[in-house]
Amino acid sequence: MDERYDPAAVERSAREAWQAANAFAADESAPGEKYYCLSMFPYPSGRLHMGHVRNYTIGDVLARFMRMQGRNVLQPMGWDAFGLPAENAAMANGVPPARWTRENIAYMKGQLQSLGLAIDWRRELATCDPQYYRWNQWLFLRMLEKGIAYKKTGTVNWDPVDQTVLANEQVIDGRGWRTGALVEKREIPMYYFGITKYADALRAALDDLPGWPERVRTMQANWIGRSEGVELDFPFADDTRTLLGNDGALRVFTTRADTLFGVTYVAVAAEHPVALAAARGDAQLAAFVDECKRGSTMEADVATQEKRGMPTGRHVRHPLTGLQLPVWVANYVLMGYGEGAVMAVPAHDERDFEFAQKYSLPVRTVVGSASGAYDAVTAPWQEIYEHPGVLVDSQQFTGLTSAAAVDAIATALADQGLGKKRVQYRLRDWGISRQRYWGCPIPIIHCARCGDVPVPDKDLPVRLPENLVPDGSGNPLAKTPSFYQCKCPTCGGDARRETDTMDTFVDSSWYFLRFACADNEGAMVDERANYWLQVDQYIGGIEHAILHLLYARFWTRVMHDMGMVKTPEPFANLLTQGMVLNHIFHRTPANGRRQYFNPADVDLVIDPVTRASQATLRSDGSPVTYEGLGTMSKSRNNGVDPNLLTEKYGADTARLFMMFTAPPEQSLEWSDDGVLGANRFLRRLWKAVYEHVVAGAGQAQESTSAAALSGISGGDRELRRIAHQTLAKVEDDIGRRRVFNTAVAAVMELLNAVGRHTGQEPAARAVRQEALEIAVLCLSPIVPHVTHALWQELGQTQPLWRSLWRKADPAALVQDLIEVVVQVNGKLRGRISVPPGAPDEELRAAALAEESVRKYLEGQPPRKVIVVRGKLVNVVV
RNA sequence: GCGAAAGUGGCGAAACUGGUAGACGCGCAAGCCUUAGGAGCUUGUGGGGCAACCCGUGAGAGUUCGAGUCUCUCCUUUCGCACCA
């Protein structure tokens, strides 16, 4: 055995052994209960970052641990390979996105492999493979048939200079990111998935996901946003009905039907038909409506805008009082929610109040607090009262509580056919059309005679040409006749192929199903998906808490309803790992842009008393500004390249650092010293095994069976107890609690105990042999390479990756005497040693006999004595 | 604004069920060793005090024999959502 721990050699040989044995190939017919362990697949951006390393290490620890528990484990890996960055890189380098993407995949696969992940690479897939995305297209067509997918106009960000659609992240301060031109909103036809039909099912099923973090479930529930209310009609009081050509009423949705008698105006969104109709005869209004359409479609931007509006000149009648009310266009009303129109109650709604104040609209108070603290009758008009309460000035509903009034008013409206109770969701249908090149083509053909014709299944996949280079102006597919020119499948005439591609969230909504049967060319999924699904453990970043996870749940449910998979929910357990943080340093030169410096080049000193920080750039000795901790990112130059880390110390050190420094859900602070510490521990582990092995060289190996070790005593017995305690603790920490830092700490303690243990007689050697085996076994999911080597050095014939976890020997855990704490008035005053099963009376007597206790009793009997068996005795004096 | 989570040594953290606060590691200090290394080993390390002891988990109150843990009020930080009618 080498005296020195050489990570490069150790890791190479371990990986070769795994590869030669095809050690992590997952087989449906293998024994053991299945365990599907999945980390979110990466976007092939070019290189792995530390967030990936953390994500995949967590998954690998669980996958390897479960293997050792006898489970039949599947851990696959793939590539979320479509998307905008490839197009940007293509523009910058003049290389087709396909080539850029595939080169990145090849490089990053090498990086992943050097981390030693126990992955079944035979199942690898990339979403840009036609054999993958053909099934996107296929299911899209099935959804179209079922009416789950449909076409309607939607609003997009339009760059008038580049003549192209922009993603939200390409709009900066309302301007196009490349041209700086003011972005416009544009209505274009798009395809949608009817996820709102599933809103209630998706929301209700959140309660059946106990393995998901509470906060993710809350975020999803809020996103779906269920609210119960009343939809009601305000009949038009003028000729608007003929103008619109509809049944003659303005429909609104409200959750506060109890405030109906406080309505003083009705407000509609700029895109509302009433607004558009009114604008036709009113140039000023038309200009305002037009202005509202400009600007970003981002809701967060909309939210910060000042409230503005204009009267339409149109009027409606109050459904119950018949009073005439003006209709306003208001920029705070969203076309996409409810009916795109609201009944405005300035007295009881802050937004309506603000608007009414600005435009001098009347305020009518109709609810007061039940306690009388807020007197609705005498309340000044400058105040609003948003809480529920008791109704005033509301005809026959006066005196009812808000809750009762909602029901009574809804009934009254329903009787007249003017309204009914309804549930409204915040969630909107999922628009999947993207006017982009590098994505999955939407399989539709537009024919002048036959309309929008689905591509027949036999013609799938609609292949994306891979040789195009986008130039930033519009979608290259729309400029490639060989792609868009086609024949109509129905009439055979000349037709035009849809050039929009699908949102990349579609690609990632079902990849976990395809891993189960990635080689099946004849079907999207097969029975193997039912074997592996649900994913037993899904691991990924919190940034996917809403969209990806919700879309994946929706897609799985659609496939479930079509009878393609048995489970409606894809992920049984979810672990959201924390971010990887590092320090951020910058300088702002007088003339130029802020310049960021890598923390590796900066010395940081923080005064422990004043908290003042002093950061100095090493190269020039001058100060830089310290911004604090933040997520590792290219733009702030505070990333650490995983390659440098693995080249210097090896993958095991990187993995150990990640697992030891913080629990998986918490953010993790980068620390060079911490990495060094992890490496030091592995060297100590190596040395401990080395010294043990060398000292015993040439001797027969002592038996470490429980029977052989039953007669040991003293230090031997103590070490054996610690070893078996560690075994139990690590199993619990990894298997149940999902905390790895305390598992590592426990093994560190075990190794410290091994260091204190001496003796070369057979019994001592056997105990130490067993303790080292347990240490190596416990660490093996976390640092698989070095433990693979040490396991062999400890004389094991079965390779570690084939070995099973050991159960702690109950006999080893038994202690002759245990320490019990003695408190006086809850303060620690002493300790006594007693047999584990000692009765309360004995504990009480022993505690009272303690010198430290008698001192406080001063000859008096204690007021009270509390005995917690096996833990403590508290004497109250 | 709404919602959620979190505040513990010089630092990362531990304390899972109300029961010894600070395990484990980093850093630091002293000493030892040496093939002088990004090495290794030993010891110490919450604050105060010679000591007995006292004080200590963001602040303040409460429940309890006993509170980092439970309750209330407040402060701070982080994250998410954000004109959702």
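So that the names make sense, note that chain A is the first sequence line, chain B the second, and so on, each numbered from 1. Because the structure is a prediction, the values reported are computed rather than measured.
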Output yes when [X] and [Y] qualify as a salt bridge under the 4.0 Å nitrogen-oxygen rule, no when they do not.
X	Y	value
A/Asp732	A/Lys729	no
A/Arg308	A/Glu291	yes
A/Asp207	A/Arg217	no
A/Arg251	A/Glu339	no

Quick one: look up who [N] pairs with, Watson-Crick or G-U, both distances under 3.5 Å, and put none if it's unpaired.
N	value
B/C2	B/G80
B/G19	B/C65
B/C41	B/G31
B/C72	B/G60
B/A85	none
B/C24	B/G12

Extract from the structure each pairing of a protein N or O with an N or O of nucleotides 52-57 of chain B at less than 3.5 Å, listing the distance.
unit_1 : atom_1 : unit_2   : atom_2 : d
B/C53  : OP1    : A/Lys855 : NZ     : 3.1
B/C54  : OP1    : A/Arg829 : NH2    : 3.2
B/C54  : OP2    : A/Arg829 : NH1    : 3.2

Looking only at side-chain N and O atoms, does [X] come under 4.0 Å of OP1 or OP2 in [N]?
X	N	result
A/Lys871	B/G19	no
A/Ser227	B/A85	yes
A/Asn679	B/G38	no
A/Arg426	B/A82	yes
A/Arg4	B/G37	no
A/Gln823	B/C65	no

Minimum heavy-atom separation for A/Ile546 to A/Gln220, with atom names?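 Smallest interatomic distance, heavy atoms only, reads O-NE2, 3.6 Å.
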Of the non-hydrogen atoms in A/Ala275 and A/Val268, which two are nearest, and what is the gap between them?
->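 Residues A/Ala275 and A/Val268, closest heavy atoms: CB-CG2, 4.0 Å.
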| said: Around atom CD of A/Gln614, are there more than 12 heavy atoms from other residues, nucleotides or ligands closer than 6.0 Å? | reply: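 No, the 6.0 Å shell around CD holds no more than 12 heavy atoms from other groups.
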* Does atom CZ of A/Arg863 have more than 12 heavy-atom neighbours from other groups under 6.0 Å away? ->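 Open: at most 12 neighbouring heavy atoms sit under 6.0 Å from CZ of A/Arg863.
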Polar pairs (N or O, both sides) under 3.5 Å between protein and nucleotides 24-27 of chain B?
unit_1 : atom_1 : unit_2   : atom_2 : d
B/G25  : OP1    : A/Asn752 : ND2    : 3.4
B/C26  : OP1    : A/Arg680 : NH1    : 2.6

Is there a side-chain contact between A/Phe234 and A/Val263 (heavy atoms, below 4.5 Å)?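 Side-chain contact under 4.5 Å: yes.
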| task | Rounded to the nearest 0.5 Å, what's the gap from OG1 on A/Thr196 to CG on A/Leu427? Could you check? | result |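 Going from the OG1 atom of A/Thr196 to the CG atom of A/Leu427 covers 6.5 Å.
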Nucleotide nearest A/Lys648 when distance is taken to its side chain, options B/A85, B/G38, B/G19
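Closest nucleotide to the A/Lys648 side chain: B/G38.
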Could you tell me whether [X] contacts a base, only the sugar-phosphate backbone, or nothing, with contacts defined as non-hydrogen atoms closer than 4.0 Å?
X	value
A/Arg863	nothing
A/Phe657	nothing
A/Val865	nothing
A/Val868	base
A/Glu354	nothing

Using a cut-off of under 3.5 Å, enumerate the N/O to N/O pairs linking the protein to nucleotides 75-80 of chain B.
none

TODO: Mind telling me if B/G48 is syn or anti? Syn here is a glycosidic angle within 90° of 0.
DONE: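 Base orientation relative to the sugar is anti.
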Measuring centre to centre across the rings, with the benzene-like ring taken for any Trp, is A/Phe681 within less than 6.0 Å of A/Phe660?
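Between A/Phe681 and A/Phe660, the centre distance exceeds or equals 6.0 Å.
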Between [N] ([atom2]) and [X] ([atom1]): distance, integer Å:
X	N	atom1	atom2	value
A/Phe234	B/A85	CZ	C1'	12 Å
A/Arg683	B/G38	CZ	C1'	8 Å
A/Leu828	B/A67	CG	C1'	16 Å

Original post:
Parallel, tilted or perpendicular: which fits the ring planes of A/His583 and A/Phe585, with parallel below 30° and perpendicular above 60°?
Top reply: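 Answer is tilted, since the angle falls between 30° and 60°.
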Say we look at [N] and [M]: how far apart would their [atom1] atoms be, to the nearest angstrom?
N	M	atom1	answer
B/G48	B/G9	C1'	15 Å
B/G58	B/A67	C1'	16 Å
B/C75	B/G40	P	49 Å

Open item on the list: Pick the closest RNA chain B nucleotide for A/Val333 and for A/Leu668 by heavy atoms, then say which residue is nearer the 5' end.
Closed with: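 Here A/Leu668 is the residue nearer the 5' end.
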* A/Thr661 or A/Phe253: which one's nearest nucleotide on RNA chain B is closer to the 5' end? ->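 In this pair, the answer is A/Thr661.
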Run the numbers on A/Arg351 and A/Glu354 for salt bridge (charged side-chain N to carboxylate O under 4.0 Å, His left out), then give the verdict. CA-CA 5 Å; A/Arg351 296 154 302 175; A/Glu354 196 186 322; over 6 Å; no
- Item | A/Trp686 six-ring face occupied by A/Arg4 cation (under 6.0 Å, within 45°) |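 No, A/Arg4 and A/Trp686 do not form such a contact.
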